[in-house]
Each structure stands twice: as C-alpha cells, then as structure tokens.
Engineer: 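I am attaching a structure below and will ask some questions about it afterwards.
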Amino acid sequence: MVCWSSTKLMNICIAALCKGQRLEKAEAVLIDGIRLGVLPDVVTYNTLIGAYCRFVSIDAGYSIIHRMREAGINPDVISFNSLIACATRKCLLSRSLDLFEEMVQIGIIPDACSYNNLMHCFFKLGKPDEANRVFQDILNRNFSPCSATFNIMINGLCKNGYTNNALMLFRNLQRHGFVPHITTYNILINGLCKARRLGTARRILKELGESGHRPNAITYSTILKCCFRSRQFELGLEVLSEMRSEGYMFDGFGYCTAIAAMVKTGRMIEANECMNQMMKNGIIPDLVTYNTLINLYCKERKFDDAFKLLDEIEKRGMECDKYTHTIIIDGLCKSGYVEEAQRHLDYMNSMGFGYNLVAFNCIIDGLCKAGYIDHAMKLFKSMEIKDSFTYTSLMHNLCKARRFRCASKLMLSCLKGGIDVLKSTRRAVLDGLRHSGFVSEARKLQSKIRLARLLR
DNA sequence: CTAGGGTTAG
C-alpha cells in the first residue's frame, strides 16, 4: 500500500524545490511520484500554486486549479488565498475580487486570511471604506483577528491618507491589550514620516525602544530617508547618532543614505567615520556603495583614493555605471579641473554611455565657476537637451558676473519651454536688473513670470 | 497575508 507518508515526503521535496525556484525539477518529482503510485494531494497542488504565482504568473498559478480538478482533487481555501494574495501583490486588484467571489460561489468558506487579503486589496484600490467594512465584519464574526489584520489595517489607513485614524486604531488596540509587533511599529512610523509628522514618528520610535523590541534596519532607514528627503539633515544626523549610541547597526543601504547626506551637508569628518564604521561592520560594498564613497573622496579632493576604488571595482569584476562617471566629472569640476572633466565626459561617450545631462550640467557649472562663462554659453548652445539645472546654473553665474540682461534672456526661454527655476534664481535676476538700472525690463520680466506661473 | 531602502548636478 502506498502510504500517506510517501505523499508527505514528496510534498516536502516539492516544497523545497519550489522554494529554490526549481519548478521544472519539482514537476519532474511529481511525475516520478505518480509513476511510482505516490498520488499528489491538495497540499502538493497548493505548493505549486504558490510557486507558479510567485515565479511565473497568476495565470500559471490558476492553471493548477484545472490540473487539480482533473486529478479529482478540489481546491480549498488555501489554494484561493494564495491566488488572491498574489493578485493583490501584483496590483491585479479586480482579479483578486473575482477570485474571492469565485471561491465563495463554489462553496469554499473564507477564513481570516482570506479576509485579510480582501482588506489589503480594497486598500490598494483606494477604497478604505470597503476595507473597513471587511474589518468590522472580521470583528463582528469573532474571527479572532490576528496581528496581520491590524497591520494591514494600520498600513492601509496610512497609505490612504488616514494617518490619524491609523494612530487612533493603534492606541485603541494597545488599550485592549494588543502588543504591537516590530512590523506594526514600522508601518506606523513609515506612515507618520510620509505624512511629515516627524515628531510623532520619533515618539513612536521611542515607544518601540521601551517596548522591548529593537528597531531594525527597516525602522532606521525609514526614519533617515524621511529626514533627508525633507532636508532636515540635522534631525537625521541626530537620529543617526541616537541609533549609534544604542549600538544599532546599518545595512549597506542605510550607510549609503547617511554618507551621502553627510557629504551633501559638508560633514566630511562624520562621513569618514561612517565609512570606517561600515567597513568595520563587514559590509561588502556593491556598486552603489562604491559610488557613494567615490563621491566622498572626490568632494575631499582625494582623487588618488577615488581612483583606487575605481581599480577595486574593476578587480571585483564590476563595471562603473553612469553614476560613477558623473560623480568623477562633478568632482573634477568642483576641484577646478574642468578640462579633465570634459575629457572624462568624452571618454564616457566613447564607452557607449548615452547623453549625460547631469554631467553636462556639472561642466557648465564648473566652467562658470572657473570664470569661463562664455565658454559655458557656447557649450550650452550645443547641448541637445537642457533642464532646469542647466538654466539655473547659468543664470546664477551670469548674475554673479553682473550680466543680468543675458540672464534675463535665458529666463524668458525658460518660461517659453515651461522649465521651472529656483526661487532664489528668479530673485537674483529680477533684483539684479532693477539695481543695475533696467527697471522697466525687470517689471516686464516679472509680469511674464507671473503669467507663466498662472498658466501652469 | 502585513513594513523600508541606497549613489550624481543648480
């Protein structure tokens, strides 16, 4: 007799192969099993559904439903839950709803997990009311909601702009004895950060520490990213030192964010410390990490160190990307080596990289700063594509050289091309015109700027 | 089933 345990054994084997993305091998094991008289059961097919959904497509997953039926096995709630979860994850939301309905219609009773999926789907559809209805349903039917239910709810509320309700739900749950998991904290912190409520986010972070959980890499990268995005570098660095004094570690992503922000704010000593700490923690640099470090060295004019890293990239069999080259070009410009920067741009082109607008902008700025504004204007005229950086850079430097009418002309072509410029540049051009006697020209330009902004 | 994310220019 073929015993139950051989099917179970086969399932374990198939599950392991599926996990390693070896679907063909898994199918081969199944065929072998059937030939030897080991019959697949609902677990076997559910494993395959999960794997096909994840690695191939939802349709491939769904086709297993047909195969099961042909083999005389009915799909169960787990089969459908995997399909629905997969559809939701891939944002095929109407598909999720159809699958849910199909499941109910063939008489399968949804479980807590099905309802969680449904809520998640409604939130992604931007229908928080529908999601809330499902949530109330879960509570009313005494489905004993698990922490995932609450997490999906809190996350969904945040993502749909109801950060306050999310916070209230969180507090309510706590009052009822719910102990938040690290995931719950992270969801809430992310929501608060995105809503620019940094103060509250920090309070929740503090509570997280007091709760006995430790903030993980996700927690900190969420907070840091948010501080730096809103240009609150001081606060970000404060969080960073808080984290350090607590003995927390970054992953490679976190270090890159932190080092880049320090370089941008001119905190070179701290950036170097951060880099050393990263090395000590055994983070193996990837290309983005190298780019970040090369940027640090270039901005410190340590070109020897920068080129050492370039060698290291090659030695490890990696290839520099457009970021690497742009960083070098900008570094050379900022150190006054504009000719070398231009040579490097030519070299980059010969390597088959496409048009590099950022690099051109760096060189335009570099030429201006080195006093070659006419040279910069010539290059500007030859450029195929320009953006607000190109114009802002030129106009700002023209103003510095007191060539306000030329800057004014550029401003007009910005308005015509629908290119936005910095407020400070607008101010510099207008004030410059006024103070150098071109009052009526300034007035005309100002009204054109107003008109353009109204039409936008 | 639920959470985040890295690098360049004004």
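These values consider heavy atoms only, across backbone and side chains, with no hydrogens, waters or symmetry-generated copies.
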Engineer: Quick one: pull up CG in A/Leu93 and NZ in A/Lys127 and give me the separation to the nearest 0.5 Å.
Structural biologist: 9.5 Å
Engineer: Any side-chain donor paired with an acceptor under 3.5 Å for A/Thr184 and A/Asn151?
Structural biologist: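 Note: A/Thr184 and A/Asn151 side chains meet the donor-acceptor criterion.
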Engineer: Take atom NE2 of A/His181 and atom P of B/dG4, then tell me their distance rounded to the nearest Å.
Structural biologist: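 Result: 16 Å.
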Engineer: Atom CG of A/Leu118 and atom P of B/dC1: how far apart are they, to the nearest Å?
Structural biologist: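 For the pair A/Leu118 CG and B/dC1 P, the rounded distance is 16 Å.
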Engineer: Would you mind reading off the distance between A/Lys159 atom NZ and B/dC1 atom P, rounded to a whole angstrom?
Structural biologist: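 After rounding, the reported distance stands at 17 Å.
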Engineer: With a 4.0 Å limit, can you tell me whether A/Lys194 has a side-chain N or O closer than that to the phosphate oxygens OP1/OP2 of B/dG5?
Structural biologist: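 For B/dG5, OP1/OP2 do have a side-chain N/O of A/Lys194 under 4.0 Å.
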Engineer: Considering only side-chain heavy atoms of A/Ile187, which listed nucleotide, B/dC1, B/dA3, B/dG5, is closest?
Structural biologist: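 Output: B/dA3.
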Engineer: Go through B/dA9, B/dC1, B/dG5 for me and flag the one nearest to the A/Phe389 side chain.
Structural biologist: B/dA9
Engineer: Do A/Thr425 side-chain and B/dG10 base share a donor-acceptor contact under 3.5 Å?
Structural biologist: no
Engineer: Can you find a donor-acceptor pair, distance only, under 3.5 Å between A/Asn291 side chain and B/dG6 base?
Structural biologist: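 Donor-acceptor pair under 3.5 Å: no.
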Engineer: Would you say a side-chain N or O of A/Asn81 is under 4.0 Å from OP1 or OP2 of B/dC1?
Structural biologist: no
Engineer: What contact category does A/Thr222 fall into here, base, sugar-phosphate, or nothing, at under 4.0 angstrom with non-hydrogen atoms?
Structural biologist: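 Touches sugar-phosphate only.
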Engineer: Output the single nucleotide from B/dA3, B/dG10, B/dT7 whose closest atom is nearest the side chain of A/Ser388.
Structural biologist: B/dG10
Engineer: With a 4.0 Å cutoff (strictly under), does any side-chain N or O of A/Lys334 reach OP1 or OP2 of B/dG10?
Structural biologist: yes
Engineer: Report the nucleotide, chosen from B/dT7, B/dG10, B/dC1, that has the shortest atom-to-atom distance to any side-chain atom of A/Lys225.
Structural biologist: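 Shortest atom-to-atom distance from the side chain points to B/dT7.
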Engineer: Distance criterion of 3.5 Å, no angle test: do you see the side chain of A/Thr392 paired donor-to-acceptor with the base of B/dG10?
Structural biologist: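 Such a pair exists between side chain and base.
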Engineer: Need one value for A/Thr324: base, sugar-phosphate or nothing, where a base atom within 4.0 Å counts as base even if backbone is also close, heavy atoms only.
Structural biologist: nothing
Engineer: Could you tell me whether the side chains of A/Arg171 and A/Gln174 share a donor-acceptor contact shorter than 3.5 Å?
Structural biologist: yes
Engineer: Of the listed nucleotides (B/dG10, B/dT8, B/dG4), which one gets closest to any side-chain atom of A/Lys264?
Structural biologist: B/dT8
Engineer: What is the separation between atom CZ on A/Phe380 and atom P on B/dG10, rounded to the nearest whole Å?
Structural biologist: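 That distance rounds to 17 Å.
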Engineer: Considering only side-chain heavy atoms of A/Arg89, which listed nucleotide, B/dG10, B/dT2, B/dA3, is closest?
Structural biologist: B/dT2
Engineer: Once you round it to whole Å, what is the distance between P of B/dT8 and OH of A/Tyr297?
Structural biologist: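 After rounding, the reported distance stands at 17 Å.
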Engineer: Between A/Lys299 and B/dA9, is there a side-chain N or O to OP1/OP2 distance below 4.0 Å?
Structural biologist: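 Checking B/dA9 against A/Lys299, a side-chain N or O does come within under 4.0 Å of OP1 or OP2.
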Engineer: Could you state the interatomic distance from OG1 (A/Thr392) to CZ (A/Arg426), rounded to the nearest 0.5 Å?
Structural biologist: 10.0 Å
Engineer: Output the rounded distance in Å from CG (A/Asn397) to C1' (B/dA9).
Structural biologist: 13 Å
Engineer: For the side chain of A/Asn155, starting at C-beta, report the closest nucleotide among B/dA3, B/dT8, B/dG6.
Structural biologist: B/dA3
Engineer: For the side chain of A/Thr292 and the base of B/dT7, is some donor closer than 3.5 Å to an acceptor across the two?
Structural biologist: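 Flag unset: no donor-acceptor pair detected.
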Engineer: Between B/dA3, B/dC1, B/dG6, which nucleotide has the shortest distance from any of its atoms to the side chain of A/Phe253?
Structural biologist: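 Taking heavy atoms from C-beta onward, the closest nucleotide is B/dG6.
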Engineer: Tell me, do A/Phe178 and A/Phe150 make a side-chain contact under 4.5 Å, heavy atoms counted?
Structural biologist: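 When only atoms from C-beta onward are counted, A/Phe150 and A/Phe178 do touch, with a gap below 4.5 Å.
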Engineer: Expressed in angstrom and rounded to an integer, what is the separation of A/Tyr255 atom OH from B/dG4 atom P?
Structural biologist: 23 Å
Engineer: Return the nearest nucleotide to the side chain of A/Asn361; candidates are B/dC1, B/dA9, B/dA3.
Structural biologist: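 Comparing B/dC1, B/dA9, B/dA3 against the side chain of A/Asn361, the answer is B/dA9.
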Engineer: In terms of side-chain heavy atoms of A/Ala260, which of B/dC1, B/dT7, B/dG4 is nearest?
Structural biologist: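 For A/Ala260, the side-chain atoms sit closest to B/dT7.
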Engineer: Please examine the side chains of A/Lys322 and A/Val358, heavy atoms only from C-beta on, and report whether any two atoms are closer than 4.5 Å.
Structural biologist: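 In short, these two side chains do not touch, never coming nearer than 4.5 Å.
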Engineer: Scan A/His120 against the nucleic acid and name what it touches under 4.0 Å (heavy atoms): base, sugar-phosphate only, or nothing.
Structural biologist: sugar-phosphate
Engineer: Could you check how far CD1 of A/Ile154 sits from C1' of B/dC1, rounded to whole Å?
Structural biologist: 15 Å
Engineer: If you look at every strand shown and take non-hydrogen atoms under 4.0 Å, does A/Asn116 touch a base, only sugar-phosphate, or nothing?
Structural biologist: base
Engineer: Please indicate yes or no: is the ring centre of A/Tyr323 less than 5.5 Å from the centre of the six-membered base ring of B/dT8, with the two planes inclined by under 30 degrees?
Structural biologist: no
Engineer: With a 4.5 Å heavy-atom cut-off, do A/Asn46 and A/Met68 have their side chains touching?
Structural biologist: yes
